[in-house]
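All of these numbers come straight from a predicted model, not from anything done at the bench.
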Amino acid sequence: MSFDLKEIGFNLLLNIINIIILFVIVKLIVYKPVKEFLDKRKAKIAEETQKAEKLMETANETLSEKDRLIEEGRQKGEELANKAYEEARLSADSIINEAKKDAKAIRQKAEAEIAAEKENMIKSSKDEIAELSVSIAEKILSREINDKDNQKIVDDFFAEV
């Protein structure tokens with residue numbers, strides 16, 4: 001095997017030319033379509049990122065709106081609860097006042113009935129005492145006493161008592 005420098009130089013030059021041609025062909029045939037594909041992919045990714053950002057912004061706005069609505073609902077719930085509490089308190093106060101009025105009326109009626117009953121009992125007792133007094137006096141005096149004398153005796157008795 002002998003090596004010829006001319007042949008090696010020629011092969012080397014031929015290989016370099018082949019590499020350059022191959023590089024130009026690859027650049028023209030493969031590089032441009034791959035670059036276009038990558039550019040399209042980059043544009044699509046940018047577009048999808050932009051859509052995602054818009055969706056995120058919309059989601060944040062929706063979340064803010066939801067939080068606002070929840071806060072409004074909470075406030076309305078508190079207002080309703082406070083209003084219901086106040087109405088219940090007023091109703092309870094009204095019922096208590098009515099019960100006090102009714103109790104006072106019942107008490108006054110009972111006191112009036114007791115006073116009337118006391119008067120009746122006193123009158124009844126007075127009449128009974130008068131009758132007993134007359135009866136005793138009749139027996140003691142053994143004489144007949146008229147109604148006028150009876151009344152005088154009873155009045156004197158009660159005046160002393």
S.K.: Please check if the side chain of S94 supplies one atom and the backbone of L90 the other of a donor-acceptor pair under 3.5 Å.
M.R.: no
S.K.: Is it true that K123 and E119 make a salt bridge, defined as a side-chain N closer than 4.0 Å to a carboxylate O?
M.R.: no
S.K.: Measure the spacing between CD1 of I8 and CG of L13 and express it to the nearest 0.5 Å.
M.R.: 13.5 Å
S.K.: Verify the cluster assignment for L22 and I20: are they in a single hydrophobic cluster under the rule of side-chain heavy atoms below 4.5 Å apart?
M.R.: no
S.K.: Just checking R68: does its CZ atom have more than 12 heavy atoms from other residues, nucleotides or ligands closer to it than 6.0 angstrom?
M.R.: yes
S.K.: Taking 4.0 angstrom as the limit, do K76 and E79 come out as a salt bridge?
M.R.: no
S.K.: Is V34 reachable from I25 through a run of I, L, V, M, F, W or Y residues, each pair having side-chain heavy atoms under 4.5 Å apart?
M.R.: yes
S.K.: Sort out for me which residue in I19, I17, V24 forms a side chain to side chain contact (heavy atoms under 4.5 Å, CB included) with I21.
M.R.: I17
S.K.: Rounded to the nearest 0.5 Å, how far does CG of N82 lie from CZ of R89?
M.R.: 12.0 Å
S.K.: Is V26 linked to L38 within one hydrophobic cluster, defined over Ile, Leu, Val, Met, Phe, Trp and Tyr using a side-chain heavy-atom separation of less than 4.5 Å?
M.R.: yes
S.K.: Can you tell me how far apart NZ (K44) and NZ (K51) are? Round to the nearest 0.5 Å.
M.R.: 9.0 Å
S.K.: With a 3.5 Å cut-off and sequence neighbours excluded, list the donor-acceptor pairs that the side chains of residues 96-109 form with protein atoms.
M.R.:
unit_1	atom_1	unit_2	atom_2	d
N97	ND2	D93	O	3.3
R107	NE	E111	OE2	3.2

S.K.: For the pair K83 and E86, find out whether any cationic side-chain nitrogen is under 4.0 Å from an anionic carboxylate oxygen.
M.R.: no
S.K.: Which donor-acceptor pairs under 3.5 Å do the side chains of residues 54-62 make with protein atoms, sequence neighbours left out?
M.R.:
unit_1	atom_1	unit_2	atom_2	d
T58	OG1	K54	O	2.8
N60	ND2	M56	O	3.4
T62	OG1	T58	O	2.8

